[in-house]
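Proteins get letters first, then strands, A, B, ... in listed order; numbering begins at 1 in each.
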There are 2 protein chains.
Amino acid sequence: MSLADTKERILDSAEYLFARKGFHNTSLRAITGRAGVNLAAVNYHFGSKEALLEAVFERRLVPLNNIRRENLEAVRETARKEGRLPGVQESLRAFIEPTLAFRKSGTGAEDFITLVGRAMSDPDDTVRNVFIRHIAPLFYMLFDILCEALPELSPDMLFWRLQFAIGAMGHAICMAGKSYSLPDGVTPVSDVESLTAMLLDFVVAGMERP
Amino acid sequence: MSLADTKERILDSAEYLFARKGFHNTSLRAITGRAGVNLAAVNYHFGSKEALLEAVFERRLVPLNNIRRENLEAVRETARKEGRLPGVQESLRAFIEPTLAFRKSGTGAEDFITLVGRAMSDPDDTVRNVFIRHIAPLFYMLFDILCEALPELSPDMLFWRLQFAIGAMGHAICMAGKSYSLPDGVTPVSDVESLTAMLLDFVVAGMERP
DNA sequence: TTTTTTTTCAAACATATGTTTTAATTGAAC
DNA sequence: GTTCAATTAAAACATATGTTTGAAAAAAAA
């Protein structure tokens with residue numbers, strides 16, 4: 001078994017189980033059992049359970065955040081060149097679209113994005129802290145751009161509206177493909193494009209509310 | 001120590017710790033230590049850790065849900081009497097307002113409402129399942145009223161918009177009073193009335209979006 | 001091929017945890 | 001005051017868990 005295989009298998013297994021059971025409720029024996037590797041491999045390759053969580057986030061969040069950052073920079077640059085304010089819709093789309101589209105980017109991505117969707121309110125300090133370390137710069141960037149896009153809103157109100165939007169997105173991600181609390185006759189779409197469009201409509205309307 | 005004291009102390013302690021650390025990451029020894037009671041009291045009074053969680057939810061969610069149900073029934077009844085459709089804003093207010101107002105209803109309520117805010121996406125199956133058992137009837141009721149309020153929306157789209165609204169509310173609850181990811185110069189209001197008003201503006205705008 | 005480094009392995013270590021047991025204590029009923 | 005029921009308490013039980021250890025195996029380097 002090659003080095004790359006062992007690490008990847010552990011990461012895949014951890015991602016799968018963290019998404020389904022949470023960090024603390026997932027044991028290293030469950031992860032290594034599912035990955036078909038030895039328990040001590042976690043310590044050898046990652047150092048600790050917390051470091052494994054960090055690696056799980058980093059593996060996918062760094063590329064995702066790069067896309068989102070590039071998108072946001074493009075929004076800003078385009079607006080600057082055209083001598084206008086950034087648009088609310090394009091700013092939020094720049095952030096939300098790649099996030100939701102991540103669901104279909106490969107095996108395991110669906111699980112990972114579920115972790116992301118609820119990370120900010122995860123009861124586990126460890127999860128929340130690891131996530132915030134990765135997301136804070138991007139969050140500030142989005143906030144700044146929205147401040148430009150909505151100059152008539154106070155920063156405080158904008159902050160809260162952005163939290164509402166992030167909450168809506170996070171919950172949508174967690175609920176996508178799930179089937180509890182379904183009213184009769186409702187078969188909610190779960191294709192990424194439709195969901196993204198609906199979510200954007202919702203949050204943009206809320207952000208732009210006079 | 002009276003019976004009422006022991007049970008109440010355990011419930012208070014459990015509520016406090018479940019809110020801060022989550023269900024699985026909170027041990028019975030931590031709960032009983034904080035409550036100043038013996039470890040075996042949990043089994044004696046509640047039967048199991050899961051049953052304790054159920055009791056924690058039930059203690060406050062039953063009265064909260066009663067208020068919300070009464071509010072929703074009043075919305076429906078008033079609209080019927082006036083021969084009009086229920087309003088989106090009054091329907092959502094009927095649900096959201098008592099939920100956020102719960103934060104200041106007494107010692108421990110703030111912790112409890114944090115549990116509620118993230119219960120639907122909690123990584124712990126146990127938490128999620130207990131919560132859904134309590135919330136499903138009310139959710140359906142709210143959904144039905146909103147179907148009447150927004151007859152031009154398909155049930156599927158309405159379902160998703162309601163999920164976005166619930167996500168926004170849940171996240172707002174979890175973030176209220178917290179201070180991570182604060183941009184410079186932002187001091188977000190955390191008084192319940194302001195937060196409720198902002199949240200309602202946001203979600204009503206999103207729900208009513210053409 | 002030999003030596004060195006890396007990786008894997010099974011067992012051990014040191015706690016941690018929900019549940020159960022049994023006896024003692026307290027409270028209620030007579 | 002005595003008896004019965006309820007409650008509390010400490011210890012035990014049966015696992016569960018992240019981390020560490022030292023040897024063996026595999027891979028890389030010389």
Rounding to a whole Å, what distance do you find between [X]:[atom1] and [N]:[atom2]?
X: A:L39; N: C:dC9; atom1: CG; atom2: P; value: 11 Å
X: B:L52; N: C:dT17; atom1: CG; atom2: P; value: 15 Å
X: B:N25; N: D:dA16; atom1: CG; atom2: P; value: 18 Å
X: A:H24; N: C:dA16; atom1: NE2; atom2: P; value: 11 Å
X: B:N38; N: D:dT8; atom1: CG; atom2: P; value: 9 Å
X: A:D5; N: D:dA26; atom1: CG; atom2: P; value: 16 Å
X: A:L28; N: D:dT19; atom1: CG; atom2: P; value: 6 Å
X: B:R9; N: D:dA9; atom1: CZ; atom2: P; value: 10 Å

For a quick check of understanding: with a heavy-atom distance under 4.0 Å over all strands, which category does A:T26 fall into, base, sugar-phosphate or nothing?
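Sugar-phosphate only.
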Taking any strand in view, what nucleotide pairs with D:dA30 in a Watson-Crick or G-U wobble way, both distances under 3.5 Å?
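C:dT1 - that is the nucleotide pairing with D:dA30, both distances being under 3.5 Å.
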Among [options], which nucleotide sits nearest the side chain of [X]?
X: B:Y44; options: D:dT19, C:dT20, D:dT7; value: D:dT7
X: B:R29; options: C:dT17, D:dT21, D:dA10; value: C:dT17
X: A:A40; options: D:dG18, C:dT19, C:dA10; value: C:dA10
X: B:K49; options: D:dG18, C:dT19, D:dT20; value: C:dT19
X: A:S27; options: C:dC9, D:dA10, D:dT17; value: D:dT17

May I ask you to decide if B:F23's main-chain N or O and B:K49's side chain share a donor-acceptor pair within less than 3.5 Å?
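Yes; judged by distance alone, with no hydrogens or angles, the pair exists.
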Would you find a donor on one side and an acceptor on the other, under 3.5 Å apart, between the side chain of B:R20 and the backbone of B:T26?
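Answer holds: no.
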Any salt bridge between A:D12 and A:R59, counting N to O under 4.0 Å?
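Answer for the salt bridge query: yes.
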Do you know which of B:M169, B:H171, B:Q163 makes side chain to side chain contact (heavy atoms under 4.5 Å, CB included) with A:H171?
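Result: among B:M169, B:H171, B:Q163, B:Q163 is the only option passing the side chain to side chain contact (heavy atoms under 4.5 Å, CB included) with A:H171.
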Let me know which of A:T114, A:I31, A:D124 forms a side chain to side chain contact (heavy atoms under 4.5 Å, CB included) with A:F18.
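By the side chain to side chain contact (heavy atoms under 4.5 Å, CB included) criterion, A:F18 pairs with just one of A:T114, A:I31, A:D124: A:I31.
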Is the phosphate of [N] approached by [X] (side-chain N or O, under 4.0 Å from OP1 or OP2)?
X: B:T6; N: D:dT8; value: yes
X: A:H45; N: C:dT8; value: yes
X: A:N43; N: D:dG18; value: no

